[in-house]
2 protein chains.
Amino acid sequence: MLMHNPPHPGEVLKELCIEPLGITVTDAAKGLGVSRKTLSRILNGKAGISPEMAVRLSIAFNTSSESWLNQQSQYDLWQAEKHRNELHVTQLSVA
Amino acid sequence: MLMHNPPHPGEVLKELCIEPLGITVTDAAKGLGVSRKTLSRILNGKAGISPEMAVRLSIAFNTSSESWLNQQSQYDLWQAEKHRNELHVTQLSVA
DNA sequence: ATAACCTGTAACGTACCAGGTTTCAATTTT
DNA sequence: AAAATTGAAACCTGGTACGTTACAGGTTAT
């Protein structure tokens with residue numbers, strides 16, 4: 001089932017991982033092995049979580065990469081579903 | 001849990017949707033509202049299933065867009081996990 | 001066999017996005 | 001006051017989804 005209005009994965013990352021640990025964005029970026037800008041863009045919802053970034057997060061925060069990428073998929077799908085009625089698609093199967 | 005060596009989502013699409021209906025790639029592309037090349041690239045594993053394409057597939061084949069995009073995520077993540085040990089990431093949390 | 005169709009794919013272009021470095025301004029911390 | 005932190009801008013590279021057009025090889029129908 002599709003979640004209702006899922007938040008930015010970056011929002012979750014900030015509130016559940018960065019802030020609780022009391023580490024700075026700068027240091028978190030260093031630990032993740034990415035630039036500060038890259039992490040900043042994610043935390044502020046300007047960029048999504050790539051498959052590779054999901055793996056980085058899973059290492060740094062001892063979580064599952066799947067959960068991070070699934071969150072991103074849910075978010076992306078929610079955006080795409082908004083325009084469902086604008087797509088010119090005809091039914092091909094009735095199953 | 002991460003699936004073991006997930007197949008191309010396009011492979012699944014071909015075997016479970018296109019072939020059973022006996023429709024041509026050309027007609028399927030028309031029904032989906034995309035170019036024949038776009039669908040062909042997906043079916044042959046040269047392109048992934050985008051969020052918008054997942055919605056198109058859900059309409060055409062009366063399925064869930066989530067399942068299509070999740071399949072793609074599983075596949076992408078499987079590729080990314082292959083290089084897990086090449087990433088310079090330091091542990092930030094011990095939880 | 002000739003014509004029509006189906007298919008993968010190449011070549012070209014457009015658009016978008018992740019990621020990098022550098023730099024700036026504003027805020028916060030020390 | 002000085003140093004650190006942050007968001008964001010400009011600019012670049014690389015990758016990818018998608019489009020049209022075109023070709024070559026295969027299949028099917030006439």
Side-chain angles (χ1 to χ4, degrees), chain A residues 8-11 13-15 17-60 65 68-69 71-73 75-80 82-83 86-89 92, chain B residues 8-11 13-15 17-60 65 68-69 71-73 75-80 82-83 86-89 92:
Chain A
H8 285 300
E11 202 176 318
L13 176 58
K14 176 190 276 184
E15 296 173 3
C17 297
I18 307 288
E19 288 178 351
L21 290 178
I23 55 180
T24 67
V25 175
T26 302
D27 285 347
K30 288 176 186 170
L32 288 166
V34 299
S35 73
R36 181 176 65 86
K37 174 188 174 175
T38 295
L39 180 57
S40 176
R41 281 179 55 81
I42 292 174
L43 294 179
N44 293 284
K46 306 297 179 58
I49 294 182
S50 67
E52 183 184 296
M53 182 63 67
V55 176
R56 290 183 189 274
L57 293 173
S58 73
I59 300 175
S65 56
W68 291 112
L69 202 55
Q71 275 186 61
Q72 187 62 48
S73 291
Y75 183 79
D76 292 342
L77 202 48
W78 181 261
Q79 306 301 322
K82 287 180 181 174
H83 310 103
E86 304 167 20
L87 305 177
H88 307 166
V89 184
L92 294 176
Chain B
H8 285 301
E11 200 176 319
L13 175 59
K14 176 191 277 183
E15 296 173 3
C17 298
I18 308 289
E19 289 178 351
L21 290 178
I23 54 179
T24 67
V25 175
T26 302
D27 286 346
K30 287 177 186 169
L32 288 166
V34 299
S35 73
R36 181 175 64 87
K37 175 185 177 178
T38 294
L39 179 57
S40 177
R41 282 179 53 81
I42 292 174
L43 294 179
N44 293 284
K46 307 295 180 58
I49 294 181
S50 67
E52 184 184 297
M53 183 61 68
V55 176
R56 291 183 188 272
L57 293 173
S58 74
I59 299 173
S65 55
W68 291 111
L69 203 54
Q71 276 185 61
Q72 187 62 50
S73 292
Y75 183 79
D76 292 341
L77 201 48
W78 181 262
Q79 307 300 321
K82 287 180 181 174
H83 310 103
E86 303 167 21
L87 304 178
H88 307 167
V89 184
L92 294 176

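Reckoned from all heavy atoms, side chains included, excluding hydrogens, waters and symmetry mates. Fair warning: this is a prediction, and the values are worked out from it, not measured in the lab. Residue numbering restarts at 1 for every chain, and letters A, B, ... go by the order of the sequence lines.
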Value in whole Å for how far the P atom of C:dA18 lies from CG of A:L57: 14 Å
Length of the line joining B:K30:NZ and D:dT20:P, which is rounded to integer Å: 13 Å
Protein-nucleotide distance (B:L43, atom CG; D:dC18, atom C1'), rounded to Å: 15 Å
Closest nucleotide among C:dT9, C:dT7, D:dT5 to the B:S40 side chain: C:dT9
Protein proximity profile, nucleotides 19-30 of chain C - base contact B, sugar-phosphate-only contact S, no contact -, cut-off 4.0 Å on heavy atoms: SBB-B-------
Side-chain touch A:D27/A:K30, heavy atoms, less than 4.5 angstrom: yes
Approximate separation, where rounding is to 0.5 Å, of B:K14 NZ and B:I42 CD1: 12.5 Å
Euclidean distance, atom CD of residue A:E19 to atom P of D:dT6 [Å, nearest integer]: 11 Å
End-to-end axis angle, where each axis spans five pairs of the helix from C:dA1-D:dT30 to C:dT30-D:dA1, to 10°: 30°
B:V55 side chain near A:L77 side chain, heavy-atom distance below 4.5 Å: yes
Atom pair distance, as rounded to whole Å: CG in A:D76 and C1' in C:dC16: 13 Å
Non-hydrogen side-chain atoms of A:L13 and A:L39 separated by less than 4.5 Å: yes
For atom NE2 of A:H88 and atom P of D:dC18, their distance in whole Å: 16 Å
Distance, nearest 0.5 Å, that separates CG of B:L87 from CG of A:L32: 10.0 Å
Sidechain-backbone polar pair: B:R41 side chain, B:K46 backbone, donor-acceptor under 3.5 Å: yes
Rounded distance (nearest 0.5 Å) linking atom CG of B:L69 with atom CG of A:D76: 7.0 Å
CD on B:E52 to CD on A:Q79, rounded to 0.5 Å: 13.0 Å
Derivation of the side-chain contact (heavy atoms from CB on, under 4.5 Å) call for A:I49 and A:Q71: CA-CA 9 Å; A:I49 294 182; A:Q71 275 186 61; over 6 Å; no
Euclidean distance, atom CG of residue B:N44 to atom P of C:dA10 [Å, nearest integer]: 11 Å
Integer-rounded Å distance: C:dC5 P and B:I23 CD1: 18 Å
Distance below 4.0 Å between B:T26 side-chain N/O and C:dC5 OP1 or OP2: no
